[in-house]
Number of protein chains: 2
Amino acid sequence: MKTQTVTRKSFRREGEDKRREDLIAATLECVAERGLAGATVREIALRADVTAGLIRYYFPTKDDLIGAAYRAVMNRMTVQASDALQNAPNDPRARLYAFVTANLGQPIMDPNNLSLWAGFIGLVHADPAMAVAHREGYLGFRDELEALIREALLAVGKPAEAIHTRRHAIAINAIIDGLWLEGCLAGDIFADGELADTGITAIEAVLGISLKAEGGAP
Amino acid sequence: MKTQTVTRKSFRREGEDKRREDLIAATLECVAERGLAGATVREIALRADVTAGLIRYYFPTKDDLIGAAYRAVMNRMTVQASDALQNAPNDPRARLYAFVTANLGQPIMDPNNLSLWAGFIGLVHADPAMAVAHREGYLGFRDELEALIREALLAVGKPAEAIHTRRHAIAINAIIDGLWLEGCLAGDIFADGELADTGITAIEAVLGISLKAEGGAP
DNA sequence: CCAGTATTTATACGCTTGCATAATTAGAGC
DNA sequence: GCTCTAATTATGCAAGCGTATAAATACTGG
């Protein structure tokens with residue numbers, strides 16, 4: 001008769017996609033709470049209720065997991081912004097308005113997102129693969145923004161040549177990024193909606209059109 | 001007769017300030033080249049041509065050294081921007097112009113600076129001491145900017161009440177931060193001076209005044 | 001219900017890390 | 001030139017890291 005001296009952790013088998021998602025989610029939790037350095041394989045495994053060895057079964061190396069997590073964050077923010085567009089009215093100016101305010105409010109403007117983003121950005125300079133991942137995300141965002149800007153300009157009968165819309169996209173992207181940063185880092189010193197409001201006002205000034213009321217062109 | 005079996009590293013005693021500066025400089029090198037994770041006490045000591053133990057003689061803990069390095073970076077950027085102000089003409093609008101372009105050009109807009117900044121920002125959320133250091137730097141920068149904005153507005157006879165200048169400072173700070181970010185991350189895809197130019201144009205639009213030519217008020 | 005396999009656990013190894021502490025030495029002051 | 005002390009080196013340690021690999025187990029298809 002054999003006594004059960006040690007008990008092995010019971011477990012359930014999960015689909016590959018589910019596990020990957022869980023592991024990425026656990027990684028994001030770690031980074032958000034304790035910085036990139038706090039995202040150790042053991043801590044990640046603990047949060048995912050899994051043993052450390054399993055991580056390597058799904059991700060060849062820890063850096064692969066980290067990279068996947070980065071892409072997940074960026075993708076999530078992109079999707080959230082796109083969702084706001086889906087629910088926006090059909091008017092081009094209203095769509096640009098919705099896009100901007102979505103990026104400057106919850107859940108995109110969140111300290112956790114910034115921690116994640118900053119931790120990864122710090123690696124961009126050293127890791128070429130991360131650099132590629134980042135550039136793609138940045139250009140994708142800016143292109144989407146530029147399209148919105150063009151349509152908004154055309155809607156009020158303003159010229160919208162590529163040379164100008166590119167410049168506008170660069171500037172407005174900067175406004176969004178900058179305000180997003182400020183809000184993530186010190187959201188408590190701003191009134192609710194103040195940053196989104198500030199962003200809209202600044203963007204209206206840059207484009208020379210109104211985004212809220214009717215009638216922008218003279 | 002005693003043979004010299006092992007040779008001990010020869011060294012010179014240095015002043016406390018000099019050593020601290022050297023150690024901070026070595027830290028910044030490490031972070032810039034290989035990210036925050038690459039800044040280990042041993043690597044830092046190597047670059048400073050010193051043994052690892054000495055670090056603890058000047059900084060109680062590694063985090064203290066990291067924090068000091070962060071403050072040094074921010075301070076350096078602040079000083080460089082202030083230098084640009086010193087050499088600027090006395091006209092308020094020219095001074096704001098100089099401040100903006102200085103922050104959006106070399107040596108402030110540099111990938112290394114971003115790596116350092118991002119690495120540290122990633123810690124802000126987890127480490128209260130870093131959070132304090134950051135907030136002080138941020139508010140200091142914004143206050144300086146707000147003062148420049150007020151003077152520029154007054155110079156052209158525009159109203160410059162605190163409620164408005166604060167908003168302007170928030171927006172323009174965002175423009176500068178956002179463009180600085182873009183330039184640091186992907187400076188190669190922009191023409192020389194393009195970002196500074198874009199920034200000036202956007203800021204002029206936000207304030208409704210010209211910063212280059214004479215005569216801004218109607 | 002049984003076998004086979006993909007998934008998961010468990011264990012261990014080698015390395016690096018930050019930090020402590022003892023031994024040494026350069027340089028200042030008398 | 002001697003002495004004393006503060007600055008520096010050298011050595012070691014315990015903890016935590018990522019990764020490798022073998023053993024165990026839950027599920028799938030027949």
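So you know, we letter chains A, B, ... as the sequences are listed, proteins then strands, and number each from 1.
Nucleic acid contact class of B/Arg42 (heavy atoms, under 4.0 Å, all strands): base. Using a 4.0 Å heavy-atom distance criterion, A/Glu16 is classed as making no nucleic acid contact.
The CD1-C1' distance, from B/Ile44 to C/dC19, rounds to 14 Å in whole Å. Atom-to-atom, CD of B/Glu43 to P of C/dG18 comes out at 11 Å; the value is rounded to the nearest Å. Between the CZ atom of B/Arg56 and the C1' atom of C/dA20 there is a distance of 6 Å, given to the nearest Å. One atom, CZ of B/Phe59, and another, C1' of D/dT8, lie 16 Å apart when rounded to the nearest Å. Atom-to-atom, CG of A/Asp17 to P of C/dT7 comes out at 11 Å; the value is rounded to the nearest Å. Rounded to whole angstrom, the span from the CD1 atom of B/Ile55 across to the P atom of C/dA20 amounts to 14 Å. Between the CG atom of B/Leu54 and the P atom of C/dT24 there is a distance of 18 Å, given to the nearest Å. Atom pair B/Leu65:CG and C/dG18:C1' shows a separation of 12 Å (rounding to whole Å applied).
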Could you run down the sub-3.5 Å N/O contacts of the protein with nucleotides 25-28 of chain D?
unit_1, atom_1, unit_2, atom_2, d
D/dA26, N3, A/Arg13, NE, 3.3
D/dA26, N3, A/Arg13, NH1, 3.2
D/dA26, N3, A/Arg13, NH2, 2.9

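Looking at which nucleotide of DNA chain C each of B/Asp63 and A/Thr51 is closest to, the 5′-most match is held by A/Thr51.
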Give the table of side-chain donor-acceptor pairs shorter than 3.5 Å for residues 97-106 of chain B, with sequence neighbours excluded, one pair per line with atom names and distance.
unit_1, atom_1, unit_2, atom_2, d
B/Thr101, OG1, B/Tyr97, O, 2.9
B/Thr101, OG1, B/Ala98, O, 3.1
B/Asn103, ND2, B/Phe99, O, 3.0

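Here the shortest heavy-atom pairing between B/Thr27 and B/Ala69 reads CG2-CB, 4.0 Å.
Inter-residue side-chain proximity for A/Met77 and A/Asp110 is flagged as unmet; no heavy-atom pair is nearer than 4.5 Å. Considering only heavy atoms from C-beta on, B/His125 stays 4.5 Å or farther from A/Leu114 through its side chain. Under the 4.5 Å side-chain criterion, counting only non-hydrogen atoms from C-beta, A/Trp180 is in contact with A/Asn113.
Residue A/Thr40 places none of its side-chain N or O atoms closer than 4.0 Å to OP1 or OP2 of D/dG16. For C/dC19, the OP1/OP2 oxygens have a side-chain nitrogen or oxygen of B/Thr61 closer than 4.0 Å. Phosphate proximity of C/dT7 to A/Tyr57: present, with a side-chain N or O under 4.0 Å from OP1 or OP2. Put simply, A/Tyr58 has a side-chain N or O that comes within less than 4.0 Å of OP1 or OP2 on C/dT8.
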Exercise. Could you go through the side-chain contact (heavy atoms from CB on, under 4.5 Å) check for B/Thr40 and B/Arg34 one step at a time?
Key: CA-CA 10 Å; B/Thr40 67; B/Arg34 300 175 32 202; 6.0 Å; no
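Both the sub-6.0 Å distance and the 45° axial angle are satisfied by B/Arg20 relative to the ring of B/Phe59.
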